[in-house]
Amino acid sequence: MAFKFPSLDFFRELARRMNADRATFEKLGFCDTVMGVRVQGPTPHLYALTFEVFDCSDVREIGDAREAELDFTLEAPLELWRAMLESICEHGRPAPEYTLNSLSHLGNRMRVVYDDPEGHDKLYRFMATLQAYFDNARDLEIEWA
Amino acid sequence: MSYYGTNDYSYNSDFSLRVRDMKKGNLDLGWLEQARERVEVRPRDRRRGLEVSDCEVGPYAIDALEDVVRDNRGLAPRGAILPAGYQPDLGPDLNKRTDVWAYRVQRYWEEAVSRQWNVSTDVPWRDMDKYEIPLDIEIAFCQLCTLLAEVEMIATDLPAKWSHHMNSYFQEVKGFIATQCMDEARHTEVFRKRALAGGVGLLRASARSEHALKGILEADSYSEGSVFMHVLGEGFVLTLFRSSEFISPTPVEQRMFQLVMQDEARHVSYGLQHLKYLMDKAPEHRAQINMFLDEAEQLLTGLFNSEQLEAMIVLGGKGTSPECIRRGIEVVGAFQGKQILEYFQRCERAGLPERKERSPLLALQHQMLAALQAAAI
């Protein structure tokens, strides 16, 4: 079954896979953050992903007005999200230049938007878990918007 | 000088006689009558188990404590009945909550315990054989590992140095910084192992870096040491780890930096929340912290010794050709700018927005980059 990107179904499928793979995510440890994923394009989207303990407990699409409630948002154009996910699908994990850290570190390719440095630091405190959540797309059939 | 207690229990005849009496069944049982009011402690979230914060009840809660601990000089845990007789004085000199406490410290402790990892098994060492790394890149990477191993040594020593100065009622902070000691020891381990695993080994240690790091240990108070190490030093090192993941030659090093990054970010968060707590509850310390940071920020630039900068430039540009060097200078300049920006943001969040105006960091950083660029062209 193909999952459209971006869509709620896509992120919920990654959440379902995370919650089904308890051993991997328990090993990585507690992860408590509400992060945003903003996909820029002709039809922009902002998704809120809630991580609690070892699970992704909630995925929803929200309006810009609620972005302040998020710890941080990863913001990138559709083409970059696509390149990242295609890299994950190709190698089973992202190529070095397509990890969440590499994409968001230098060059403004993927922007990290935040109000509070404490929220911003959660991206790094939980990096391995968040990367593993996205790596769940490795064998997903994706239909691009 | 060694410490000798006033009692030698092994030769105390009264005590020996009493023990013999007890063994005959003549018990006093007075301590049974001291049983406290019962408390109800349950895990709020079964997935997390019984957390430190679940035990913040009644006389055991940190908020049940006076701001200054005056009655406990020994090892009595918070909420226990203090021992009868003379309690040994273990000399805790951090007895005010503002000396050590941080918002959410219980959560950081739980997170640290939950997210521990193992250098031997969680880094994919076997995959190193899959990748070819050019020799100059490998040597530069080992130079980076050498500095990072030095840095992490001090980050182990600082919390270890201050732990026994903290009153035992502040168990959560002592527990958290114990996890930090373990984290930092693991970081030294991982950088050492990586340098050796590639066959090149460790390279030049730096007197300049070590002078900078010594300043962390020489802080007069825990808060000064904490703000220097957790907020300033580890904030900078967190960005250095992010950059190192960014320029890692293979997925093995990337994994290594993802893992150390997580620990480092947690330490930064604790430091930020301690500084914020201190500024909120004891703003009279503002001038002292500011004066200390004026010096600490100058000292910190010692971390950027010439071998280190050059190694980062080679790694950032992925080689030593003029074009690679130019690219490397851009990468290093960009991440150094980010280090400073994020440091000022954290200071502002913690209640010290004035750091941006009084900090020598910006000017020094501009000078260093200008010199580097001049040398490269």
Side-chain angles (χ1 to χ4, degrees), chain A residues 18-19 22 24-33 51-57 71-72 87-88 90-135, chain B residues 45-49 51 103-104 107-108 110-118 122 231 235 238-239 241-251 253-255 257-259 261-269 272-273 276 316 330-331 333-335 337-338 342-350:
Chain A
M18 175 178 180
N19 300 344
R22 178 53 64 93
T24 298
F25 287 91
E26 275 191 7
K27 174 81 177 69
L28 291 169
F30 292 168
C31 175
D32 297 289
T33 185
F51 294 90
E52 287 179 307
V53 198
F54 309 118
D55 300 326
C56 180
S57 59
D71 289 323
F72 61 91
S87 179
I88 290 170
E90 185 181 349
H91 306 286
R93 64 181 173 202
E97 62 273 30
Y98 285 112
T99 63
L100 291 178
N101 177 65
S102 286
L103 287 170
S104 62
H105 186 42
L106 297 177
N108 284 329
R109 291 186 296 167
M110 179 181 278
R111 276 203 332 133
V112 189
V113 181
Y114 58 96
D115 287 331
D116 183 345
E118 158 82 3
H120 182 210
D121 284 338
K122 286 185 180 178
L123 170 60
Y124 316 124
R125 275 164 51 196
F126 305 123
M127 180 64 81
T129 301
L130 302 178
Q131 185 66 63
Y133 168 83
F134 281 97
D135 289 354
Chain B
D45 185 333
R46 288 182 181 279
R47 293 169 299 177
R48 296 178 196 273
E51 292 200 299
Y103 296 113
R104 297 194 272 275
R107 172 160 289 191
Y108 298 135
E110 296 284 357
E111 184 183 311
V113 172
S114 166
R115 295 189 78 88
Q116 293 292 305
W117 50 281
N118 183 324
D122 288 330
V231 181
L238 173 59
T239 314
F241 285 167
R242 292 197 64 204
S243 302
S244 302
E245 197 255 17
F246 179 75
I247 60 181
S248 281
T250 81
E253 293 78 25
Q254 275 195 311
R255 181 64 178 162
F257 282 112
Q258 282 170 6
L259 292 168
M261 180 195 308
Q262 296 190 137
D263 300 337
E264 208 75 358
R266 186 167 58 245
H267 308 156
V268 172
S269 290
L272 190 151
Q273 295 301 338
K276 187 170 182 345
E330 281 174 21
V331 169
F335 100 74
K338 202 162 197 169
E342 291 179 356
Y343 167 64
F344 288 143
Q345 285 176 339
R346 290 189 184 106
C347 286
E348 185 171 358
R349 173 64 179 165

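Keep in mind that the numbers below use all heavy atoms, side chains included, and drop hydrogens, waters and symmetry copies.
At a 4.5 Å heavy-atom cutoff, the contact between A/Phe126 and chain B is made by backbone and side-chain atoms alike. In this structure, no portion of B/Thr250 lies under 4.5 Å from any heavy atom of chain A. If you measure heavy-atom distances from B/Ile247 to chain A, you find no contacts under 4.5 Å at all. Of the two parts of B/Asp45, only the side chain, counted from C-beta on, holds a non-hydrogen atom closer than 4.5 Å to a non-hydrogen atom of chain A. Neither the backbone nor the side chain of A/Tyr98 comes within less than 4.5 Å of any heavy atom in chain B. Of the atoms belonging to B/Phe344, not a single heavy atom falls under 4.5 Å from chain A. Both the backbone and the side chain of B/Val331 come within less than 4.5 Å of a heavy atom of chain A.
Per-residue counts of heavy-atom pairs under 4.5 Å with chain B were compared for A/Leu103, A/Asp32, A/Leu123, A/Val53; the largest is that of A/Val53. For the set B/Glu264, B/Gln254, B/Gln345, the entry with the most heavy-atom pairs within less than 4.5 Å of chain A is B/Gln254. For chain B, the option among A/Lys122, A/Arg93, A/Glu26 with the highest count of heavy-atom pairs below 4.5 Å is A/Arg93. Ranked by heavy-atom pairs under 4.5 Å with chain B, the first of A/Glu52, A/His105, A/Met127 is A/His105. Of all the listed residues (B/Gln262, B/Arg242, B/Arg349, B/Lys276), the one sharing the greatest number of non-hydrogen pairs under 4.5 Å with chain A is B/Arg242. Heavy-atom pairs under 4.5 Å with chain A were tallied for B/Arg47, B/Glu330, B/Gln273; the largest tally goes to B/Arg47.
In this structure, the side chains of A/Asp121 and B/Leu238 come closer than 4.5 Å at one or more pairs of heavy atoms. When side chains are defined from C-beta on, B/Gln258 counts as touching A/Thr99, because their heavy atoms get closer than 4.5 Å.
Of the inter-residue distances, the one linking B/Phe257 atom CZ with B/Ser244 atom OG reads 4.0 Å to the nearest 0.5 angstrom. To the nearest 0.5 angstrom, B/Ser248 atom OG is 12.5 Å from B/Arg255 atom CZ. Between the CG atom in A/Asn101 and the CG atom in A/Leu130 there is a gap of 11.5 Å [rounded to 0.5 Å]. The line from OG of A/Ser87 to CZ of A/Phe134 is 14.0 Å long, rounded to the nearest 0.5 Å. If you take OH on A/Tyr133 and OG1 on A/Thr24, they are separated by 15.5 Å, rounding to the nearest 0.5 Å. In this structure, B/Glu111 CD and B/Arg48 CZ are separated by 10.0 Å, a value rounded to the nearest 0.5 Å.
The number of heavy atoms from other shown groups lying within 6.0 Å of CZ (B/Arg115) is above 12.
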